[in-house]
Protein chains: 2
Amino acid sequence: MTEDLMTIREMCETYDVTPRTLRFYEAKELLFPIREGQKRLFTKSDRARLKLILRGKRFGFSLEEIRQLLDLYHVGDQQLTQISRTYEIACERLEDMEARREELTQAIDDLKEQLRWGEKVIASMKQDKKAAE
Amino acid sequence: MTEDLMTIREMCETYDVTPRTLRFYEAKELLFPIREGQKRLFTKSDRARLKLILRGKRFGFSLEEIRQLLDLYHVGDQQLTQISRTYEIACERLEDMEARREELTQAIDDLKEQLRWGEKVIASMKQDKKAAE
DNA sequence: CGTTCACATTACGTGAACGTCATCTACGTG
DNA sequence: CACGTAGATGACGTTCACGTAATGTGAACG
């Protein structure tokens with residue numbers, strides 16, 4: 001069944017994207033499906049990458065930023081200096097993400113506060129309505 | 001000094017955006033600066049909104065989505081049903097954000113894992129290098 | 001009074017991220 | 001073999017979020 005290779009259609013259904021999107025990501029070198037004849041076949045690696053792409057998008061990263069992030073996960077047989085550089089970038093990214101989570105937590109707290117206020121407003125309005133009857 | 005009103009230039013410097021951006025946000029009804037003659041003057045409320053806009057952007061919300069979120073903070077003298085509806089939407093948004101934070105936490109953990117792996121690779125490569133000397 | 005700012009409006013331009021359409025190919029099926 | 005189906009390849013179109021002139025205006029300054 002899951003022969004480790006998926007057609008473009010299967011990918012689309014699994015991850016809820018269009019063929020156009022997958023071809024676009026390939027053109028941008030975010031995915032590297034292998035070819036059988038002229039058809040694309042997506043590997044396990046492509047699927048892992050796609051998940052990261054979609055996740056990145058949800059957090060407002062551009063495809064170019066995502067591409068760089070993906071490189072952090074690929075780490076082929078490069079030079080030590082290259083890997084070290086990649087490692088540094090990854091550390092910075094990690095800090096970014098942690099800062100982001102802080103901010104998100106802040107935003108959540110703010111909204112919660114706002115909701116408590118909203119509850120009070122609603123409650124008092126219900127009171128007024130009753131009193132008016 | 002901070003007379004509660006800021007010119008467009010002051011806003012730009014404070015929040016690191018261009019005049020174009022602020023006018024654009026006004027056109028999109030995200031900000032509502034008052035007018036003195038034909039000049040715009042941004043209020044405390046506009047500044048609070050702008051902060052939320054910029055924050056929303058960092059999390060990948062579209063301006064339209066942000067506009068809806070901003071409405072949650074404005075809550076004028078509406079009907080009870082309106083406020084209740086707004087309240088419900090806010091609750092849903094809150095759940096979205098909490099889910100997002102979960103996902104972000106997952107992403108952070110993934111990247112940390114990857115970094116540990118990177119450290120090992122670097123260490124072993126340094127060993128190889130030494131051995132080759 | 002002319003000029004320089006600071007800000008305004010109007011309008012066309014741009015890059016990112018796809019959507020859409022036309023056309024082509026390869027493959028299995030009745 | 002005709003035909004439908006799945007996928008491929010351009011190429012142009014679209015939306016969003018502004019950028020970038022071009023031009024106008026009102027207050028201030030030498």
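All chains are named by letter (A, B, ...) in the order of the sequence lines, taking the proteins before the strands, and each is independently numbered beginning at 1.
Salt bridge absent: A:Arg47 and A:Glu10 never bring a charged side-chain N and a carboxylate O closer than 4.0 Å. Comment: A:Glu119 does not engage A:Arg116 in a salt bridge, judged by the lack of any side-chain N to carboxylate O separation of less than 4.0 angstrom. Classification of B:Arg93 and B:Asp96 as a salt-bridged pair holds, one side-chain N sitting under 4.0 Å from a carboxylate O.
Judged by the 6.0 Å and 45° rule, B:Arg100 forms a cation-pi pair with B:Phe61.
Comparing atom distances between the B:Tyr25 side chain and each of D:dT9, D:dA17, D:dC18 picks out D:dC18 as nearest. Nearest to the side chain of A:Leu63, among D:dA17, C:dA17, D:dC18, sits C:dA17.
Of the residues near DNA chain D, B:Lys28 and A:Pro19, the one whose nearest nucleotide (by heavy atom distance) lies more toward the 5' end is A:Pro19.
Following rounding to the nearest Å, A:Lys39 (NZ) and C:dC24 (C1') show an atom-to-atom distance of 14 Å. One atom, CZ of A:Phe24, and another, C1' of C:dA16, lie 7 Å apart when rounded to the nearest Å. To the nearest angstrom, P of D:dA17 lies 12 Å from CZ of B:Arg20. Computed from coordinates, the B:Leu41 CG to C:dC7 C1' distance equals 11 Å when rounded to whole Å. Taking atom CD of A:Gln38 as the reference point, atom C1' of C:dC27 lies 12 Å away to the nearest angstrom. A:Ile8 has its CD1 atom 19 Å from the P atom of D:dT5, to the nearest Å. The interatomic distance linking A:Glu36 (CD) with C:dA26 (P) rounds to 14 Å, in whole Å. What separates CG of B:Leu30 from C1' of D:dC18 is a distance of 13 Å, to the nearest Å.
The side chain of A:Thr7 places an N or O atom within less than 4.0 Å of a non-bridging phosphate oxygen (OP1 or OP2) of D:dG7. Residue B:Arg40 has a polar side-chain atom (N or O) positioned under 4.0 Å from OP1 or OP2 of C:dA8. Close to D:dC18, at under 4.0 Å from its OP1 or OP2, lies no side-chain N or O of B:Thr18. The side chain of A:Arg35 contributes an N or O atom lying less than 4.0 Å from OP1 or OP2 of D:dT9.
Among the protein residues, A:Arg23 comes within range of the nucleic acid bases, having at least one heavy atom under 4.0 Å from a base atom.
Taking a pair to require two hydrogen-bonding distances under 3.5 Å in either a Watson-Crick or a G-U wobble arrangement, C:dG19 pairs with D:dC12.
In the model, A:Glu64 has a side-chain atom that pairs as donor or acceptor with a side-chain atom of A:Gln68 under 3.5 Å.
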